[in-house]
Amino acid sequence: MSTIQDKQLTDITVEDIMISSEKVAHVQLNNPLEHALLVLVKSGYSAVPVLDTSYKLVGTIGKTMILNEILGIERFEIEKLSEKRVYEIMDKEVPRLSKEDQFMDGLKMTINYPFVCVADEKGYFDGILTRRAILKQINRDYYQNKAK
Ligand code: 4BW
């Protein structure tokens with residue numbers, strides 16, 4: 001069986017280099033913003049996927065979106081953190097990839113997004129493809145070709 005190190009960029013699929021769902025920090029649709037902010041701050045990520053109760057991908061949410069939502073005229077309206085829920089402010093128009101997509105599809109999408117969610121044809125969340133994973137493969141390919 002060939003490892004990822006043996007593969008040409010053109011032979012790599014999204015599944016080869018994605019972070020699988022069980023390792024991805026996420027929040028749920030109905031979580032209060034307070035919980036989402038806690039997950040984001042604790043994990044250290046700027047944004048994470050949003051899933052529904054059946055683990056289908058429904059959007060993404062980030063720290064800046066939450067902070068903008070609770071920003072009043074003169075102060076942060078902290079009480080909104082428990083009043084509002086993730087589905088009210090999340091970004092629903094998120095691009096997605098499937099595990100079978102090619103490396104180049106992932107490369108094109110991560111030009112504009114730091115990560116792209118991966119889901120199956122029914123919408124079940126499989127994981128994320130990060131810009132870091134794409135850059136790591138390009139870096140490897142560059143040095144392998146240089147050594148030839
Ligand atoms: O906790 C971290 N560990 C490591 N090893 N690197 C981190 C961590 N937090 C941030 N980084 C680095 C990565 O290089 O900073 C970059 C920007 O992070 P971000 O966007 O703004 O929080 C990271 O780049 P990346 O690995 O290409 O990841 C791109 C984006 O994908 C992150 C975050 O929004 C999301 N992400 C990455 N891993 C995740 C995740 N979301 C949930 N769970 C994960 N395991």
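Counting starts at 1 for both ligands and their atoms, in listed order. Hydrogens, waters and symmetry mates play no part in the numbers below; they use all other heavy atoms, side chains included. We number each residue from 1, following the sequence as shown.
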Anything under 3.5 Å between an N or O on ligand 1 and a protein N or O? List each pair with its distance, or write none.
unit_1: ligand 1; atom_1: 21 (O); unit_2: S46; atom_2: OG; d: 2.5
unit_1: ligand 1; atom_1: 22 (O); unit_2: S46; atom_2: N; d: 2.8
unit_1: ligand 1; atom_1: 22 (O); unit_2: S46; atom_2: OG; d: 3.3
unit_1: ligand 1; atom_1: 27 (O); unit_2: R131; atom_2: N; d: 3.3
unit_1: ligand 1; atom_1: 27 (O); unit_2: R132; atom_2: N; d: 2.7
unit_1: ligand 1; atom_1: 34 (O); unit_2: A47; atom_2: O; d: 2.7
unit_1: ligand 1; atom_1: 43 (N); unit_2: A25; atom_2: N; d: 2.9
unit_1: ligand 1; atom_1: 45 (N); unit_2: K23; atom_2: O; d: 3.1
unit_1: ligand 1; atom_1: 45 (N); unit_2: Y45; atom_2: OH; d: 3.4

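- Take E69 and apply the salt bridge (charged side-chain N to carboxylate O under 4.0 Å, His left out) test, not counting sequence neighbours, and it matches K84.
- Annotation: E74, atom CD; neighbour count of heavy atoms from other residues, nucleotides and ligands within 6.0 Å does not exceed 12.
- Among residues two or more places apart in sequence or in another chain, the salt bridge (charged side-chain N to carboxylate O under 4.0 Å, His left out) test is passed with E77 by K80.
- Here side chain to side chain donor-acceptor pair (under 3.5 Å) pairs that include residues 117-126, with residues two or more places apart or in two chains, number zero.
- Crowding of R140 atom CZ: a count of heavy atoms from other residues, nucleotides or ligands under 6.0 Å exceeding 12.
- Remark: the E15 side chain and the T13 side chain contain no N/O donor-acceptor pair separated by less than 3.5 Å.
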